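Quick caveat, the model's predicted, so the values are computed rather than measured. In the text below, chain A, chain B and the rest are named by the order of the sequence lines, each starting its count at 1.
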There are 2 protein chains.
Amino acid sequence: MKKTTKLAPAPKAALPAASEPRRRPTINDVARLANVSKKTVSRVINQSPFVNKETRKRIDAVIAELGYAPDPVARGLASRRSYLVGLIYDNPNPQHVIDTQQGILDIIRGSGLELVVHPCNRRDKDFLPGVRGFIDRQKLAGVILPSSVSEDEELVALLRDSDTPYVRIASVLLDNEENSIVTHDREGARQAAEHLAGLGHKTIAHVSGPDTFRSSHERRAGFMEGLKAAGLSLDKKLDLRGAYTFQSGVDAGRKLMGQAMKPTAVFCGNDEMAAGVCQAIRETGLDIAKDVSVVGFDDSPLASRMWPALTTVLLPVKATGRMASVRLLGDRLTKEPLEEDSHGEVHPRLVVRASTGPVRPAYGA
Amino acid sequence: MKKTTKLAPAPKAALPAASEPRRRPTINDVARLANVSKKTVSRVINQSPFVNKETRKRIDAVIAELGYAPDPVARGLASRRSYLVGLIYDNPNPQHVIDTQQGILDIIRGSGLELVVHPCNRRDKDFLPGVRGFIDRQKLAGVILPSSVSEDEELVALLRDSDTPYVRIASVLLDNEENSIVTHDREGARQAAEHLAGLGHKTIAHVSGPDTFRSSHERRAGFMEGLKAAGLSLDKKLDLRGAYTFQSGVDAGRKLMGQAMKPTAVFCGNDEMAAGVCQAIRETGLDIAKDVSVVGFDDSPLASRMWPALTTVLLPVKATGRMASVRLLGDRLTKEPLEEDSHGEVHPRLVVRASTGPVRPAYGA
DNA sequence: CGGGTCTATGACACCGGTTTCCTTGCCCGC
DNA sequence: GCGGGCAAGGAAACCGGTGTCATAGACCCG
């Protein structure tokens, strides 16, 4: 149906009406067939209340018949809001990233939104410019900030004045409840301490995460709380700092097992380091659980696949991603958000497996 | 500088020229300041050769001064090609997904392209419609198909006639060399077999992946080749099928260790299953390596964190993602693609760790 | 019965680029 | 001296929607 009005100079080689390349229908097609203006079609698409029932029905019929779907790019241009939600993260645990991602995808599936992943490095000098470029080029529908970046106030400021909606995921409430999901890591660590104390351990070590993460502090603080509640305290020699990596766990473990005051139990800031500590323990010929109990944090896949399986604190990362998405997009979602996802608070939970056991009288202090 | 030509009815409340909300500069701003038409600016942006050196220089200067960057959404609308590259995958191993993703991101970083991740489920009845919607709504710059979906001919057909560029990653060459990355899983499996045979093992079992993945067949075939070369063969009782999951590995391992003909070594289709097999072996009180050797495939993080660390076949997934991106985007990338990334072939490599050892005479057949 | 409010709809500019097509010099060969 | 080819650049339509504003009719109220 190309209009050949203005005395067109016959299209190049006259392919004998070569079966129309099958263009996607546009809003104009719909408007024409429904005999309304495109603006009214637009109203129907955007669920404006000011459309007559009959008209709406007619338009819906045409839409269905044509299999029309609005072009997100065009919509984005006109409305200055793309249909993309961004996930910005700073490397950390790949498993963590993928779980968050999966949670978000669970929620936006079928809503017409898509997920754009944008890793970055907070230590890069052009970290902020990079993210800024991303943000204001892509006019995102919203951004989700997992814990690896949620504490970066500069980044948040950027989002705020670019006027992009965002949700922060963090171990404590950082600002507004409206745009935060709180994971309460502290509670989980406390449970870990109570578990170990309950098994009779008194000489308990801690390998915390890097200083730059709020979660490290929270986990450590929760652990201390738990110890205190059990009438215990943390000896300086048993208080080590790692980097959330396997290797740092190995190093910490070696240090712990190499010194005079050996712990009968170790609580680690995450599972990676716990696995490292386990390796160090084994290197000294000791047994996990029987000689030294180990507790991790995260319940990563590693935890359940290790031998012995790791006692750890389960942090439901995927659910957190879902919650964050609901918080961010609430209204735009077709399907009702699950009750579960509506309150913005996540509580960790201890999962007891085989890496912890009662303190061994002969060995302990 | 809003033009207030047509006797405008003074803007609502006359905010005293409230410090201009700082709009992003557009191509029009650039054109005006450089004293050219927007088309010429467009030519500069798109590196058209037909622009006078002087003119180009002037425009570049204005662009730099303004900090102008073209709006990808507008460009997308006009050129019918967004600046998004899509990664479509069907669940599999999260680690695999994240590595691929990381590889792609390595390449597109700084190119103005962004990565959209789109998981799907090939067993869903609306799998194809779903992907189709994604594809032709988003007019992607390109799509990368990792092995979990690269074999789906219907999907590929879809891409082909939606005329979206794509690259398939697979264990064997599926069609055109132009748009494929081949990982040669077979070679890796062969190495695994040779390694075990070299250690004196004769009763070797295999736990393969699900039938629906080409990689399962390739790995199994490679393993058989290796055995054959060593004058060995695979007994039916030692030839099990798993599902690439940890649990399926546990099940397979129990079956193997519960039967009369026990293997002295097991080669598994991936690391997850290998970890499962290890668990099953331990349950029977036997030792990994000393009693039964185990080899995995992938070199996932799990492999190096297990105890004993798993001998496995390293498949450089991230590098594969990089290659795929270069294949897909070649020209559009600013930085020169690394030599490494240019040939489209990936070769796995055996990594020997602690889970394999010489056959134990007393125990073996 | 005039005027005000509310519903339903359309006209038209606009979002920020690209595409198509056209013009203008300028150089070249004959 | 002139047609032709090519480099350089511009005007206007266009991509497929949304925003702003105008308008027509229905209804309501004093």
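A search for salt bridge (charged side-chain N to carboxylate O under 4.0 Å, His left out) contacts involving A:Glu177 returns nothing, not counting sequence neighbours. When the side chain to side chain contact (heavy atoms under 4.5 Å, CB included) test is applied to B:Glu114, the partners found at least two apart in sequence or on another chain are A:Val116, A:His118, A:Phe134, A:Gln138, B:Leu84. Qualifying salt bridge (charged side-chain N to carboxylate O under 4.0 Å, His left out) partners for B:Asp90, counting only residues two or more places apart in sequence or in other chains: none. Remark: B:Lys139 engages A:Asp71 in a salt bridge (charged side-chain N to carboxylate O under 4.0 Å, His left out) (not counting sequence neighbours). For B:Thr164, the side chain to side chain contact (heavy atoms under 4.5 Å, CB included) partners two or more places apart in sequence, or in a different chain, are B:Ile135, B:Leu140, B:Val143, B:Leu159, B:Ser162. Residues forming a salt bridge (charged side-chain N to carboxylate O under 4.0 Å, His left out) with B:Arg168 (at least two apart in sequence, or on another chain): B:Glu153, B:Asp175.
Distances were taken from every side-chain heavy atom of A:Ala78 (C-beta onward) to each of C:dC15, C:dT7, D:dG9; the shortest belongs to C:dC15. Of the listed nucleotides (C:dC15, C:dG16, C:dT9), C:dG16 has the atom at the smallest distance from the side chain of B:Ala74. Of the candidate nucleotides D:dT18, D:dG9, D:dG17, D:dT18 has the atom lying nearest to any side-chain atom of A:Asn46.
Following rounding to the nearest Å, A:Arg58 (CZ) and C:dA8 (P) show an atom-to-atom distance of 14 Å. Spacing between atom CD of B:Glu54 and atom P of D:dG9 amounts to 10 Å, rounded to whole angstrom units. Atom CG in A:Leu77 sits about 8 Å away from atom C1' in D:dG17, given to the nearest Å. When rounded to the nearest whole Å, the span between CG of A:Asn52 and C1' of D:dA24 equals 14 Å. Look at NZ on A:Lys139: it is 14 Å from P on D:dT18, rounded to the nearest Å. If you take CG of B:Asn28 and P of C:dC15, they are 8 Å apart, rounded to a whole angstrom. Between the CD1 atom of B:Ile27 and the P atom of D:dC14 there is a distance of 19 Å, rounded to whole Å. The CZ-P distance, from A:Arg81 to D:dG19, rounds to 12 Å in whole Å.
A heavy-atom distance below 4.5 Å is not found between the side chains of B:Thr320 and B:Thr100.
The CG atom of B:Leu115 sits 8.5 Å away from the CG atom of A:Leu115 when rounded to the nearest 0.5 Å.
Sorted by first then second residue, the salt bridge (Lys or Arg N to Asp or Glu O under 4.0 Å) pairs that include residues 39-52 of chain B, not counting sequence neighbours, number zero. Pairs engaging residues 141-151 of chain B under the side chain to side chain donor-acceptor pair (under 3.5 Å) rule: none recorded [sequence neighbours left out].
Side-chain nitrogen and oxygen atoms of B:Ser79 include none within less than 4.0 Å of the OP1 or OP2 phosphate oxygen of C:dT19. For the OP1/OP2 pair of C:dT18 and a distance below 4.0 Å, the side-chain nitrogens and oxygens of B:Arg75 include at least one atom meeting the criterion. Phosphate contact (OP1/OP2 of C:dG17, side-chain N/O of B:Tyr83, threshold under 4.0 Å): absent.
The shortest non-hydrogen separation linking B:Pro119 to A:Arg109 is CG-NH2, 4.1 Å.
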Check: residues 56-66 of chain B side-chain donor-acceptor pairs under 3.5 Å, at least two apart:
from, atom 1, to, atom 2, distance (Å)
B:Arg56, NH2, B:Ser48, O, 3.0
B:Arg58, NH1, B:Ala34, O, 2.3

Polar atom pairs between nucleotides 24-26 of chain C and protein, under 3.5 Å, N or O only, would you list them?
none

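In the region residues 29-44 of chain A, proximity to DNA chain D at under 4.0 angstrom, judged on heavy atoms, holds for A:Lys38, A:Lys39, A:Ser42.
From one end of the helix from C:dC1-D:dG30 to C:dC30-D:dG1 to the other, with five pairs defining each end axis, the axis direction shifts by 50° (rounded to 10°).
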